[in-house]
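Here is the structure we will look at.
Reminder, nothing fancy here: chain letters follow the sequence lines and each chain counts from 1.
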Amino acid sequence: MNQWIYFLDLCGTSVFAIAGVLAAGKYRMDPFGVIVLAFVTAIGGGSMRDALIGATPVFWIRDPNYIIVILATVIMCLILVRKPHRIPTYALPIADALGLAVFTVIGAEKALSLGLSSMVAVVMGSITAVGGGVIRDLLCRQIPMVLRIEIYATASIVGGICYTLSIIVGMDSMTSVLFAMFSTLIIRLSAIRWHLSLPAFDLKTKRI
Amino acid sequence: MNQWIYFLDLCGTSVFAIAGVLAAGKYRMDPFGVIVLAFVTAIGGGSMRDALIGATPVFWIRDPNYIIVILATVIMCLILVRKPHRIPTYALPIADALGLAVFTVIGAEKALSLGLSSMVAVVMGSITAVGGGVIRDLLCRQIPMVLRIEIYATASIVGGICYTLSIIVGMDSMTSVLFAMFSTLIIRLSAIRWHLSLPAFDLKTKRI
Amino acid sequence: MNQWIYFLDLCGTSVFAIAGVLAAGKYRMDPFGVIVLAFVTAIGGGSMRDALIGATPVFWIRDPNYIIVILATVIMCLILVRKPHRIPTYALPIADALGLAVFTVIGAEKALSLGLSSMVAVVMGSITAVGGGVIRDLLCRQIPMVLRIEIYATASIVGGICYTLSIIVGMDSMTSVLFAMFSTLIIRLSAIRWHLSLPAFDLKTKRI
């Protein structure tokens with residue numbers, strides 16, 4: 001089980017690093033900006049979580065695999081993607097949705113495994129999932145996606161509640177993880193597909 | 001005594017959460033943005049303080065009452081305040097001044113209780129008091145109020161110095177707390193009343 | 001040796017505080033804004049590093065000399081520099097380059113002394129060196145210099161790699177420190193002298 005969550009965590013890290021690279025491409029950053037945004041998006045949320053709960057040194061310092069996965073992802077992206085503007089516009093939100101689902105579960109699981117309360121577990125799931133994106137958006141001088149798009153963080157909160165409840169009622173780990181990830185993905189992808197977040201983008205058009 | 005400071009802390013948390021909700025209303029955020037800004041304003045400064053001094057897990061993780069107070073405050077605000085633009089414009093700075101006074105004392109008291117130096121206690125009082133507002137303003141893409149309005153953080157620093165000195169000269173806790181809060185409030189409210197911060201707003205008008 | 005690195009650290013702190021004061025002057029901040037930017041620039045990166053590796057209370061809480069050095073630097077600057085707009089425009093980047101070199105070595109050295117891996121040491125060198133400037137730029141609502149100017153953080157990364165490799169091959173501490181600082185300074189100052197960062201400034205002109 002732990003092996004399996006660990007593998008998911010590395011996948012989520014890679015997916016969020018891609019989201020960071022895509023953001024860097026969108027804002028025409030230089031190669032170093034790409035690496036910074038990939039790192040920040042991928043490990044920013046988890047670092048915030050670990051610093052808040054006192055699980056220091058934070059996860060990616062204790063386990064070099066995270067740094068390696070991010071660097072490998074960035075290099076792969078820079079080789080495969082020569083023309084950032086040709087990436088379809090829906091690629092960034094979908095990569096983001098996948099990372100959102102995985103990191104929500106990882107964050108909630110870590111809080112519960114440390115004996116913290118269910119409420120804190122839900123908060124930690126959200127911080128892990130949206131924290132990196134918030135820092136990335138701040139660095140790009142954007143109002144964080146999480147404040148613009150209601151269904152974004154809501155999906156993470158619902159996923160965290162699903163995971164915590166599943167564990168409380170005694171569901172086994174793998175089912176809980178899949179159930180929570182599925183809930184998060186369905187909500188977030190529905191929001192993307194049917195433009196449930198359009199009003200928030202309207203705010204952006206008018207005011208920034 | 002501790003009970004009393006704890007009660008003040010919860011009041012300050014609620015007041016700062018209201019300041020966060022008012023800011024969210026001002027920038028027309030969606031419901032989730034309201035919750036995020038309430039949380040960030042209320043516990044951002046204290047979380048920074050605890051992360052810096054190593055008092056982890058940070059206070060609101062160990063004590064679920066803070067999360068409950070913030071959620072209750074947000075729900076109450078969303079019920080009572082249907083039309084955010086009808087809130088009088090002075091409500092936000094006054095709520096902020098009250099939180100500023102309480103959190104300055106809480107932060108300085110926590111540093112002193114951990115045996116840290118007086119100078120660090122003053123800094124921690126300020127971080128606790130202004131940290132949440134700084135993060136809130138960053139998330140709203142505003143230049144932080146603390147950098148625009150001189151008398152804002154200055155009030156917190158004076159309050160921290162008053163508290164630390166009172167403790168050093170052997171004043172009892174409650175008197176020290178009241179004396180420090182009173183100093184902070186007088187300075188900050190005078191600055192609001194007589195527009196002592198006008199030049200800083202001028203800077204804003206010209207440059208942003 | 002440790003005495004010597006400690007002295008360098010205090011010098012770097014002072015130099016970065018000056019960089020913060022110059023930034024505050026550039027954006028016409030009030031006296032308190034000057035102090036905040038000096039503090040944030042000088043100890044922001046190291047605080048992030050210590051919070052991430054769990055070396056809490058962070059360095060400037062345990063050692064009051066850092067606060068004293070920053071306050072003394074700010075007072076000195078405010079006395080000597082009455083007219084911020086008369087500071088030559090190259091003063092800020094050169095002060096920044098010196099701080100960059102010192103803090104890179106300090107960060108990498110701290111990580112290695114705690115037994116962390118070489119890869120983490122390079123990352124910690126960069127976080128220590130560029131973290132404070134990133135927070136300062138965020139507070140000034142600028143896209144962080146580190147994302148605009150490729151050669152900036154690259155210089156820190158190269159310096160961190162030089163230091164880590166020097167230690168691994170068994171070079172003595174002082175030689176390693178000087179070698180790493182020299183590499184960082186040469187790269188950064190060359191970038192400033194021959195405007196190797198011009199394209200990044202172009203991005204800024206076009207888009208912000």
Could you tell me which portion of [X] (side chain, backbone, both or neither) has an atom closer than 4.5 angstrom to a non-hydrogen atom of chain C?
X      : result
B:V130 : neither
B:L52  : both
B:I157 : side chain
B:L116 : side chain
B:I127 : side chain

Tell me, side chain or backbone of C:I67 under 4.5 Å from chain B's heavy atoms, or both, or neither? side chain

Do the side-chain N and O atoms of B:T104 and B:T184 include a donor-acceptor pair separated by under 3.5 angstrom? no

Check: C:T164/C:S118 side-chain N/O donor and acceptor closer than 3.5 Å: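 Checked: C:T164/C:S118 side chains show no N/O donor-acceptor pair below 3.5 Å.
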
Distance from B:Y163 atom OH to B:I168 atom CD1, nearest 0.5 Å?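 Reported to 0.5 Å precision, the distance equals 11.0 Å.
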
Mind listing the closest non-hydrogen atom pair of C:T56 and B:A51 along with its distance?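 That closest heavy-atom pairing would be CG2-O, 3.2 Å.
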
Mind listing the closest non-hydrogen atom pair of B:F59 and B:D50 along with its distance?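 Where B:F59 meets B:D50 most closely, the heavy atoms are N-OD2, 2.9 Å.
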
